[in-house]
Amino acid sequence: MSGPGEALPPAMDGPPAGGRSRQPWLHHLETAVHGHVTSLSHATGDIDVDGIDGAATGLYVDDRRILSRLVLEVDGVRPVGVVAASEGSTTECLLVARNVGDPGPDPTVEVRRHRLLTDVGLEERISITSRAGSTVRCTVTMTAQGDGAELHEVKVGTADRRALPVRVDDHHCGWADDRHLTELDAPHAVITVDGTSLVAAWEVSLPHGATTTLRLDVRATRIADTPFNPTPGAGRVGWSRVRLTSRDARLGTTVRHSLTDLEHLLLADPEDPRDVFAAAGSPWYLTLFGRDSIWAARMTLPFGTDLARGTLRALARRQGQRDDPDAAEQPGKILHELRRTTFVDPGVFELPPTYYGTVDATPLWVCLLHDAWRWGLPPSDVLALRPALEGAMGWLRRSAAEGGGLVRYHDPSGNGLSNQGWKDSGDAMRTAQGTIAAGPIALVETQAYAVEAALGAADLFEGVLDEDGTPWRDWAFELVQRVRQQFWVTGEDGGRYLAMAVDGTGGLVDGIGSNMGHVIGSGLLDRSETAEVVAALGAPEMLSPLGLRTLSSSNPAYNPLGYHTGSIWTHDTAICAFGLARTGHTAEASRLAAALVDVAAASGYRWPELYAGEPVHGNPAPYPASCRPQAWAAASAGLLVSTVLGLRADAPRGVVEVAPLPEGPFGAVHVEGIRVGGRSLALTVDGAGRVVDVDAEPGLEVRVRTGSPS
């Protein structure tokens, strides 16, 4: 995703003195999401952009804030929040109205808010229960406004919060911006206009033990198109059949909640609504992102190939066709992000609606195509994507040739992203002295993705397209040799590790970072080199009790709350854990897998996109501006299952390999809903990592692998 152009913002709303834009924080808000619709509220359920720490609150549709205020009051007083939780498209809040009911310390009037997002807005149900000794009579009001703010203006703290004018007549109750008509419906309420607000009021009378339920619906109708108008894609991937139970119940809860969140991040491509992909994250990135959407689809392949197919096709439709430096477009290149409008962060970058500034989405697209085929994507789908595959591999070959044999990135426009790997904030690439590297930069993980893509393309050319894959294997071997010659660093302790990158001068970006964790199991390293990388990542400076730090704590630039300079990213740790398990480093993989579940449980079973590299009394501290839910964080649940079970698929041959972690970090595990080539598989593993039961559909051979893989 497009990371922040600066360090962690201060705890304030809007632009501070001096005019520098700062994005609002999200960690204290409740977030529900349903495709292109997302709701951010306080723990009381209130949306109030003018309230304390409320600048990001709102109901957003198509990246527009159609609700900037939705405040509940009982007899003119806001109820007090007790607890709140969100999952997928719902937010639940328990409140108490302390100003009504019996006197005394115990609350006797309970208020519950249930918010469900729909394809066009929200449905809110307010249930009020009285346990007072006598009948409670009160007036319940919901006050609503909309400001029509553009999402990117909210993100950078420059949104104009002035409410839109409202009207109530026989045909309309609401307001309009230039893209949406917003309407409110509140059955049995009296709706009045108060300046720029609509106020829905209900007169309530509650005897002891009685409950009444009030309803408010908000609907947004598109009145003007933009270049990209997706619709929600939930319910299109068949993940409801996935079931996981274990002795450590937290593992199953993590998987269930994560898949629910991820499913409600799915969008249907407006050019072919049969194709769904994962939006990168709420609220800032509810759209198609090459890298993020690819990783989400790749991580969840054990649960079916529908998401992979939709993601591959949606990105292939928009594959680069020409050279356009302003958009960073090149023939064969896979896009970075697709927006409805230009995305501006003043003084940092200005990205056009379709922006290609990513160095790794193209090889990762090829990796996804190969892996999806291995998990059962039909050969006919691969054949249909052949032009996109050839275009992507052509771009990869040209990029390496232009980069002196390495795949590099730079921003030719001066208005785009200065860093174009997954660590895309401006200060991400650090030397061992803490200085920021100069471009054009060749990332170590990008070379690994390129090697994996070339090897995967060779398999596809031979296995599906009836061509010789040897040239691509030779190309991969040559790239492996270049990395072997150029990226290794010998540390002060004599141990070797892989530099994060080679910079524009040919020097090493020799800060110790998590980048090399993505290399494990890619085909870039031999066994002894893998062991050296594993040792470097396992050092206390890199390995936190909560996961893998993005940058070593020994680096002068280390900041545990730095976006890419010391924080921990859920997907980053999950990718490393999977690579460790894949290469036989099972004890290390178990440690990271257990850390991920610890973080999930401490975060209400909704993984943050990223969190602090240092625990607070053993618990994770969220990065305050991070998305939650976020696609590749939620999708890490799929990679976690693959890590625990050691899954490898070869659907063209009707085979799946299983090699469970022998350490059994979660005790006995039972999983249902794995899909290989359209055939279902259920597995039971005991606490020692032994497969004790297999239930596979006919035609699927299950091979249990033991010992270290070759």
Side-chain angles (χ1 to χ4, degrees), residues 32-38 60-64 66 88-89 116-123 151 179-181 219-241 259-283 285-290 292-298 300-301 303-319 334-341 353-354 361 365 368-369 372 375-378 380-385 387-388 629 631 634-635 675 678:
V33 64
H34 182 62
H36 64 300
V37 180
T38 190
Y60 298 85
V61 178
D62 298 332
D63 291 349
R64 277 291 176 89
I66 66 165
S89 59
L116 172 67
L117 301 189
T118 69
D119 290 3
V120 295
L122 64 78
E123 297 175 353
L151 179 74
R179 297 219 309 257
H180 299 92
L181 173 66
R219 296 183 298 274
T221 303
R222 289 172 178 155
I223 57 176
D225 282 335
T226 64
F228 186 58
N229 291 305
T231 53
R236 307 276 295 281
V237 289
W239 293 340
S240 59
R241 60 177 172 254
L259 290 183
T260 298
D261 273 342
L262 183 61
E263 183 163 0
H264 285 278
L265 282 169
L266 300 186
L267 292 171
D269 189 347
E271 294 193 20
D272 189 340
R274 295 173 298 175
D275 294 331
V276 295
F277 56 85
S282 173
Y285 308 107
L286 285 178
T287 186
L288 178 62
F289 269 73
D292 301 59
S293 300
I294 289 168
W295 267 120
R298 198 178 182 195
T300 53
L301 280 171
F303 309 135
T305 58
D306 291 340
L307 181 57
R309 179 183 183 274
T311 304
L312 289 163
R313 286 164 54 91
L315 289 168
R317 288 187 186 102
R318 300 164 175 89
Q319 192 172 24
I334 298 298
L335 63 78
H336 174 60
E337 62 184 276
L338 181 62
R339 298 274 189 180
R340 295 170 180 83
T341 61
T354 305
W365 186 93
L368 175 60
L369 180 61
W375 278 97
L377 185 71
S380 59
D381 286 325
V382 178
L383 284 166
L385 289 166
R675 304 283 290 179

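Quick caveat: nothing in here was measured; it's all calculated off a predicted structure. Index from 1, following the sequence.
- Atom CD1 in I66 sits 10.5 Å away from atom CZ in R219 (nearest 0.5 Å).
- Distance check: D225 CG to R340 CZ gives 11.0 Å after rounding to the nearest 0.5 Å.
- Applying the side-chain contact (heavy atoms from CB on, under 4.5 Å) test between H36 and each of L286, V120, T287, V61 identifies V61 as the sole match.
- Considering T341, L151, T38 in turn, L151 is the only one that fulfils the side-chain contact (heavy atoms from CB on, under 4.5 Å) rule with D63.
- R675 places none of its side-chain heavy atoms less than 4.5 Å from the side chain of F303.
- Between F228 and F277, the angle of the ring planes stays under 30°, which puts this pair in the parallel group of the 30/60° scheme.
- Across A634 and D261, no two heavy atoms sit closer than the pair CB-CB, 4.5 Å.
- For E271, the side-chain contact (heavy atoms from CB on, under 4.5 Å) criterion is met by D269, R317, R318, not counting sequence neighbours.
- The shortest side-chain heavy-atom distance between P270 and T231 does not fall under the 4.5 Å cut-off.
- Side chains of D306 and V276 form no contact here, defined as non-hydrogen atoms less than 4.5 Å apart.
- Residue A316 comes nearest to L385 through the heavy atom pair CB-CD2, 3.8 Å, listed as atom of the first residue, atom of the second, then distance.
- In this structure, OG in S293 is found 11.5 Å from CD1 in I334, a value given to the nearest 0.5 Å.
- Across A308 and L368, no two heavy atoms sit closer than the pair CB-CD1, 3.8 Å.
- Proximity of E337 to L288: side-chain heavy atoms (C-beta onward) are nowhere separated by under 4.5 Å.
- Residues H34 and T118 fail the side-chain proximity criterion, which asks for heavy atoms closer than 4.5 Å.
- The shortest side-chain heavy-atom distance between W365 and R298 does not fall under the 4.5 Å cut-off.
- Expressed to the nearest 0.5 Å, how far CD1 of I223 lies from NE2 of H180 amounts to 8.5 Å.
- Listed for the T354 side chain is no donor-acceptor partner under 3.5 Å among the backbone atoms of L338.
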List the atom pairs, with distances to 0.1 Å, where a side-chain N or O of residues 232-240 and a protein N or O form a donor-acceptor pair under 3.5 Å, not counting sequence neighbours.
| residue | atom | partner | partner atom | Å |
| --- | --- | --- | --- | --- |
| R236 | NH1 | P273 | O | 3.2 |
| R236 | NH2 | P273 | O | 2.3 |
| R236 | NH2 | R274 | O | 3.3 |

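- By the 4.5 Å heavy-atom criterion applied to side chains, E263 and L259 are not counted as neighbours.
- What you find for V37 and G121 is that their closest heavy atoms are CG1-O, 3.7 Å.
- Applying the side-chain contact (heavy atoms from CB on, under 4.5 Å) test between L369 and each of D381, I294, L312, T311 identifies L312 as the sole match.
- A pairwise comparison of heavy atoms in L262 and A296 identifies CD1-CB, 4.4 Å as the closest pair.
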Note to self: Show, in sequence, the C-alpha distance, side-chain angles and deciding distance for D272 and R313, and conclude whether the salt bridge (charged side-chain N to carboxylate O under 4.0 Å, His left out) test is met.
What the structure shows: CA-CA 9 Å; D272 189 340; R313 286 164 54 91; 3.2 Å; yes
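- When all heavy atoms are compared, the tightest approach of D275 to G310 is CB-CA, 3.7 Å.
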